[in-house]
Novice: 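The structure's right below; bear with me while I get my questions together.
Position 1 is the first residue of the sequence; numbering continues from there. Each ligand, and each atom within it, is numbered from 1 in the order the structure gives.
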Amino acid sequence: MKLVLLGPPGAGKGTQAKGMAKELKLAHISTGDLLRANVAGGTALGLEAKEYMNKGLLVPDSLVTKMLEERFGMPDIKTGFILDGYPRTINQAKTLDKILSAKKMALDVVFDLDSSEPVIVQRLSGRLVCRKCGALFHKTNMPPKKNMVCDNCSGELYQRDDDKEETIRKRLAVYRQEVAALLDYYKKGNILFTVSADQEAGVVLKKIIEKAGQYR
Ligand code: AMP
């Protein structure tokens, strides 16, 4: 099964992708996570990407495409994958089609997590991430048992640099600018499925899993 998750920052792509990866036994590929790993590791790519990420801007395609091609070269994607955070532009959608067709693969379904701005800002401004295992928490919606400590691995929780209100609004503006063309592209391809992501995470996951079941 080859899936893409679209949606504005804060729609719950990360949470849903982690749930889907577990339920459907698929590789979870998050370009945001891959970029943050490069930033944390101080790689040349990370150093360059960081400037864009901290401003809420898209990292240039020349950097992201190479990183994605490398990830697609790994064996775990053969059994299927969920792409989270890519594509974000029509250009990236076309690049993805090329990468996949070179591997004789094609997308089965693209999930669009539709979410409203007040919900997004509330979710992102309270989001906490584990430095060690990447688990997601929320200051009020899903607080960890111990303050700023991960329930799963006891790692330290932190707030992402780009989860500050001003940057959130910039990221949303960037998203909205690109998304209409992207949705249109997948609608024409007849593979777009929209889910309201303002609902509770478990309800959203159930709907996605039900739909994904058709592609097993
Ligand atoms: P995310 O974790 O998906 O919210 O991504 C965090 C940041 O990483 C974004 O605001 C961008 O700066 C960068 N990023 C992630 N995915 C992409 C992509 N497909 N193209 C360009 N930049 C990206």
Side-chain angles (χ1 to χ4, degrees), residues 3-21 27-41 43-72 77 81-100 107 110-113 115 117 119-131 133-138 157-179 181-183 185-186 197:
L3 312 176
V4 162
L5 264 184
L6 297 181
K13 291 192 298 295
T15 305
Q16 295 302 331
K18 285 189 175 87
M20 291 161 76
H28 172 199
I29 306 174
S30 155
T31 45
D33 283 352
L34 291 172
L35 287 166
R36 280 184 289 280
N38 275 280
V39 172
T43 66
L45 165 64
L47 286 176
E48 222 175 311
K50 191 178 171 180
E51 290 191 26
Y52 296 90
M53 295 170 78
N54 286 348
K55 288 185 194 142
L57 299 174
L58 293 184
V59 174
D61 280 354
S62 53
L63 300 176
V64 180
T65 307
K66 197 165 158 268
M67 181 184 80
L68 193 69
E69 278 173 336
E70 271 174 32
R71 182 62 186 88
F72 270 104
I77 69 129
F81 59 82
I82 305 153
L83 252 181
D84 152 17
Y86 193 101
R88 272 170 144 96
T89 62
I90 193 89
N91 213 14
Q92 291 187 354
K94 288 178 181 165
T95 302
L96 176 62
D97 284 347
K98 273 190 214 142
I99 295 175
L100 292 179
L107 292 176
V110 174
F111 291 100
D112 171 35
L113 299 183
S115 206
E117 187 148 338
V119 174
I120 289 169
V121 175
Q122 194 270 351
R123 277 187 189 154
L124 289 185
S125 51
R127 174 160 73 177
L128 299 171
V129 188
C130 175
R131 238 180 245 292
C133 74
L136 296 167
F137 296 86
H138 190 279
L157 302 183
Y158 76 106
Q159 185 178 37
R160 275 170 47 173
D161 287 339
D162 57 355
D163 279 347
K164 311 266 156 35
E165 188 152 343
E166 200 189 307
T167 320
I168 292 170
R169 297 215 185 265
K170 180 68 198 165
R171 287 161 63 202
L172 272 176
V174 169
Y175 176 79
R176 301 221 189 282
Q177 196 180 314
E178 301 288 349
V179 74
L182 201 51
L183 293 181
Y185 183 75
Y186 288 127

Novice: Regarding D162 and T167, is there a side-chain donor-to-acceptor distance under 3.5 Å anywhere?
Specialist: no
Novice: Check contact between K55 and ligand 1, using heavy atoms of the residue and a distance below 4.0 angstrom.
Specialist: no
Novice: Ligand 1 and R171, any nitrogen or oxygen pair closer than 3.5 angstrom?
Specialist: yes
Novice: Charged N to carboxylate O below 4.0 Å: is that the case for R169 and E165?
Specialist: yes
Novice: Please tell me if the side chains of K18 and L136 come closer than 4.5 Å, counting only heavy atoms from C-beta onward.
Specialist: yes
Novice: If every non-hydrogen atom of P9 is compared with every non-hydrogen atom of R171, which pair is closest and at what distance?
Specialist: CB-NH2, 3.4 Å
Novice: Before signing off on this row, confirm whether R36 and ligand 1 have an N or O atom pair separated by under 3.5 Å.
Specialist: yes
Novice: Tell me which part of R160 gets within contact of ligand 1: side chain, backbone, both or neither, using heavy atoms under 4.0 Å.
Specialist: side chain
Novice: What residue and heavy atom of the protein are closest to atom 8 (O) of ligand 1, and at what distance?
Specialist: M53 CE, 3.6 Å
Novice: How close does the nearest protein non-hydrogen atom get to atom 20 (N) of ligand 1, and which residue and atom is it?
Specialist: Q92 NE2, 2.9 Å
Novice: Which residue supplies the protein heavy atom nearest to atom 15 (C) of ligand 1, what is that atom called, and how far is it?
Specialist: R88 NH1, 3.2 Å
Novice: Minimum heavy-atom separation for I168 to S125, with atom names?
Specialist: CD1-N, 3.8 Å
Novice: Given that the side chain starts at C-beta and the backbone is N, CA, C, O, which of these parts of L57 lies under 4.0 Å from ligand 1, counting heavy atoms, or is it both or neither?
Specialist: backbone
Novice: Can you give me the closest heavy-atom contact between M53 and G32, atom names plus distance?
Specialist: CE-O, 4.3 Å
Novice: Between the side chain of K13 and the main-chain N/O of G7, is any donor-acceptor distance below 3.5 Å?
Specialist: yes
Novice: If you compare all heavy atoms of R71 against all heavy atoms of A27, which two are closest, and at what distance to 0.1 Å?
Specialist: NH2-CB, 4.1 Å
Novice: Quick one: look up the protein heavy atom nearest atom 22 (N) of ligand 1 and list residue, atom name and how far away it is.
Specialist: V59 N, 3.0 Å
Novice: Should you measure from each heavy atom of T31, which atoms of ligand 1 turn up under 4.0 Å away?
Specialist: 15 (C), 16 (N), 17 (C), 19 (N)
Novice: Taking 4.0 Å as the limit for heavy-atom contacts, which would you say applies to L35 with ligand 1: side chain only, backbone only, both, or neither?
Specialist: side chain
